[in-house]
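Nothing here was measured: the structure is a model prediction, and the numbers come from that model.
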Amino acid sequence: MQLAIKLIFAQVGIDQVIDNGAATSQSIAEGWDKQWLDLLQNNTSNNLYGALTNLGIFFAVGTLLFFMIQFLKDLISYEYTRPISALIWPFIVVVLLSNSGNGTILSNLTLGVRNNVLNAVNQQVVVSADADKIYQQALNMSIAEEVAGSLLRPCQSLTGEQQSRCFDKAAEKVNVLWQKYRETYGNQNWINRLQTKVDNIRDGTGIVSETSFNSLLGSTVQTTIKNFLISLQYAFQNLIEATMLLIALLGPIAVGASLLPVAGKPIFAWLTGFFSIGIAKISFNIIAVLTAAVIVHGPGQNANVDPDLMWFIIFLGILAPILSLLVAAAGGFAVFSAISNTASLVKERI
């Protein structure tokens, strides 16, 4: 779930910015998918993944000497039982690193796990909670006042007829935003509340407290902070994608080094890292969806409240990434233990 949110200023068309933001988000998601295919499946004889596969084969050949020494030692000490079970590792390495030019078995498995397991679970989270709409709506609730404020703020320094005309022009542009929101989310109470506040300021009617007026107009500093924090959470989501791809590219090296006669095989650490990043991605989206749902179904449905949602932006930009990484670390430890115990059990049974 990725979303490009841009703060909207008076000189830019509101509907155009919203549409461009959605198109940009979709384009970036498709770009990551294409990058995965280009690196892990297309022409792997000559691309970066092919070079790293060759490096993994080099490590496998280099560590084969240590493996054979340990194999002969075990053959002398334990007769045949333990050495025969250890022979599974060279077989696994050869199979996983065999490169046909259209991806190795390892790269195809990695791509399959990413698409059919991690991304499938993540997509199920998004679809089941209607997360795209809930998440976008909560973010737009958080920045809607900043958008309106950026349009009304230049009028604050004017007086008389000039200020009235400035408010009228600003309100016309903001009304395009309200219309766009209603087309996307329906006739929500939070949209009506904000529209009423802007209309009261424009018309000079109704009761708009000085605190509420100043809150709506905001400041360029607050706008900059919100913009930075929204960009920060979006950067975190892309960092997760980049990290997952980096770990996938390092898979051949981990496989090649797994012939070392040590208890903790590098391939187990690699699998742990790969699944941990996947857990971080899923955890962040779950946290974001649950928090967004609280906002949309709580203050978003109450026309009488005027919430300050700065905490939500801080939560998404700073706290949610930290929490998702902590959950991923705990989940990664559990995955590593499960893989290690399973490998030991299989080795004993062979």
Side-chain angles (χ1 to χ4, degrees), residues 1-7 21-22 24-26 28-29 32-33 113-146 184-185 188 190 225-247 272-302 305 307-336 338:
M1 177 180 61
Q2 294 184 340
L3 181 64
I5 292 291
K6 298 180 180 180
L7 290 184
T24 300
S25 176
Q26 181 65 26
I28 291 176
W32 280 116
D33 291 338
V113 170
R114 185 250 183 185
N115 292 338
N116 301 324
V117 178
L118 299 178
N119 277 7
V121 172
N122 185 65
Q123 186 63 25
Q124 187 175 3
V125 170
V126 171
V127 173
S128 62
D130 195 19
D132 278 339
K133 184 172 290 189
I134 293 293
Y135 183 61
Q136 290 181 44
Q137 189 174 171
L139 275 179
N140 281 306
M141 280 181 61
S142 304
I143 68 170
E145 285 194 0
E146 301 300 320
T184 305
Y185 310 123
Q188 300 293 331
W190 64 270
I225 292 174
K226 281 191 174 183
N227 198 18
F228 171 75
L229 291 173
I230 291 173
S231 298
L232 194 63
Q233 62 88 23
Y234 187 53
F236 175 76
Q237 295 182 61
N238 283 277
L239 179 62
I240 287 291
E241 289 289 345
T243 304
M244 185 179 293
L245 181 55
L246 175 61
I247 293 175
T272 301
F274 189 73
F275 279 106
S276 295
I277 292 299
I279 292 172
K281 180 179 180 180
I282 295 170
S283 298
F284 177 83
N285 286 336
I286 292 175
I287 294 168
V289 168
L290 293 178
T291 311
V294 170
I295 292 174
V296 171
H297 299 312
Q301 299 301 320
N302 192 338
V305 299
D308 181 6
L309 297 179
M310 185 67 181
W311 69 268
F312 177 61
I313 303 298
I314 295 174
F315 184 82
L316 281 183
I318 300 175
L319 301 180
I322 294 175
L323 180 58
S324 63
L325 290 177
L326 291 176
V327 172
F333 178 78
V335 170
F336 182 79

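Between S324 and A280, the shortest heavy-atom distance links the atoms CB-O, 3.6 Å. Taking every heavy atom of both residues into account, A288 and L316 meet most closely at CB-CD2, 3.7 Å. For the residue pair A138 and S142, the shortest heavy atom distance occurs at O-OG, 2.9 Å.
Evaluation of the ring-ring contact (aromatic ring centres under 6.0 Å, His included) rule for F236 yields F284 as partners, not counting sequence neighbours.
Taking CD of Q137 as the reference point, atom NE2 of H297 lies at 8.0 Å (rounded to 0.5 Å). Here the CD1-CD1 distance, from I240 to I279, works out to 11.0 Å after rounding to the nearest 0.5 Å. In this structure, CG on L229 lies 13.0 Å from CZ on F315, to the nearest 0.5 angstrom. In this structure, I225 CD1 and I314 CD1 are separated by 8.0 Å, a value rounded to the nearest 0.5 Å. Atom CZ of R114 is separated from atom CZ of F275 by 14.0 Å, given to the nearest 0.5 angstrom. Atom-to-atom distance recorded for I318:CD1 and I313:CD1 is 11.0 Å, nearest 0.5 angstrom.
The residue from L118, T243, L245, T272 that alone fulfils the side chain to side chain contact (heavy atoms under 4.5 Å, CB included) condition with I277 is T243. If you run side chain to side chain contact (heavy atoms under 4.5 Å, CB included) between I134 and each of I295, V296, V294, only V296 comes through.
Under the 4.5 Å side-chain criterion, counting only non-hydrogen atoms from C-beta, T291 is in contact with W311. Residues I143 and L139 are not in side-chain contact: their nearest non-hydrogen atoms beyond the backbone lie 4.5 Å or more apart. Looking only at side-chain heavy atoms (C-beta outward), Y135 and N285 stay at 4.5 Å or farther from each other. Two residues are said to be in side-chain contact when any heavy atoms from C-beta on lie closer than 4.5 Å; W190 and N140 meet this criterion.
Side-chain N/O atoms of Q233 and Q237 include a donor and acceptor closer than 3.5 Å.
Within the 3.5 Å criterion, the main-chain N or O of G298 finds no donor-acceptor partner in the side chain of Q301.
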